[in-house]
Amino acid sequence: MAVNIHADTKSVLGVVDFMQRGGKLAIDRQALDKLRDIVGGDEVDLVELVESFLEEGPGLIEAITLSQCSADLLTMRRAAHSLKSNARDMGAIELSALCAKLEARCAAGERPGTSDVDAANLAFTEAVAELRNLYPVNSR
């Protein structure tokens, strides 16, 4: 019986990540399935969308972080809005919700706290790690 060690190791690492998050996944697999259906069931197209998220996401989370430091609510609102939508499409539900909260606070003229931005950064990091585990792509 042949055993795919890479797949087994990947599964074990996924379980470890899952347990470290208290049994909570960063990516909703049903959302990815829905996105796959939207692109016609083509895995290649889905991987392209994941790669796009992995390429564009760091700039958006950086804009959120930097605009929090400079109290630039307009920039934060725009970046949070874009990341919210992209995260929702990727199944990063917690990240999407945190970005919605940031966007709403900025729209109300309130400067989000550092803890709000830190929570979004953590959720982003977890979502990226999980997506990279699910779809090992060439993105940085």
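What you see is a predicted model, and the numbers here were worked out from it, not measured in a lab.
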Exam field: side chain Glu126 to backbone Ala26, donor-acceptor pair closer than 3.5 Å: no
Side chain Gln68, main chain Pro112, donor-acceptor under 3.5 Å: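 Yes.
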Any chance you could measure [X], atom [atom1], to [Y], atom [atom2], to the nearest 0.5 Å?
| X | Y | atom1 | atom2 | answer |
| --- | --- | --- | --- | --- |
| Ile27 | Glu94 | CD1 | CD | 10.5 Å |
| Asp118 | Leu122 | CG | CG | 9.0 Å |
| Leu83 | Leu95 | CG | CG | 4.5 Å |
| Leu134 | Leu131 | CG | CG | 6.5 Å |
| Ile64 | Phe124 | CD1 | CZ | 9.0 Å |
| Ile61 | Asn121 | CD1 | CG | 4.5 Å |

Salt bridge (Lys or Arg N to Asp or Glu O under 4.0 Å) contacts in which one or both residues fall within residues 59-81, not counting sequence neighbours: none
Neighbour count above 12 (heavy atom, 6.0 Å) for Gln30 CD: no
Close side-chain approach of Glu48 to Val39, heavy-atom, < 4.5 Å: no
Those residues that, when tested against Asp37, pass side chain to side chain contact (heavy atoms under 4.5 Å, CB included) (two or more places apart):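 Testing Asp37 for side chain to side chain contact (heavy atoms under 4.5 Å, CB included), a comparison that skips the adjacent residues, returns none.
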By side chain to side chain contact (heavy atoms under 4.5 Å, CB included) - contacts of Asp33 (at least two apart): Arg36
Audit row: Tyr135, Leu54, side-chain contact (heavy atoms from CB on, under 4.5 Å) steps and yes/no: CA-CA 11 Å; Tyr135 301 96; Leu54 294 174; over 6 Å; no
Under 3.5 Å, sequence neighbours excluded: what are the donor-acceptor pairs made by side chains of residues 86-93?
unit_1	atom_1	unit_2	atom_2	d
Asn86	ND2	Ser82	O	3.3

N/O donor-acceptor pairs under 3.5 Å from side chains in residues 96-108, not counting sequence neighbours:
unit_1	atom_1	unit_2	atom_2	d
Ser96	OG	Lys84	O	3.0
Lys101	NZ	Asp116	OD1	3.3
Glu103	OE1	Lys84	NZ	2.7
Glu103	OE2	His81	ND1	2.8
Arg105	NE	Glu110	OE1	3.3
Arg105	NH1	Asp116	OD2	2.6
Arg105	NH2	Arg111	O	3.4

Contacts of Asp28 that satisfy salt bridge (Lys or Arg N to Asp or Glu O under 4.0 Å) - sequence neighbours left out: none
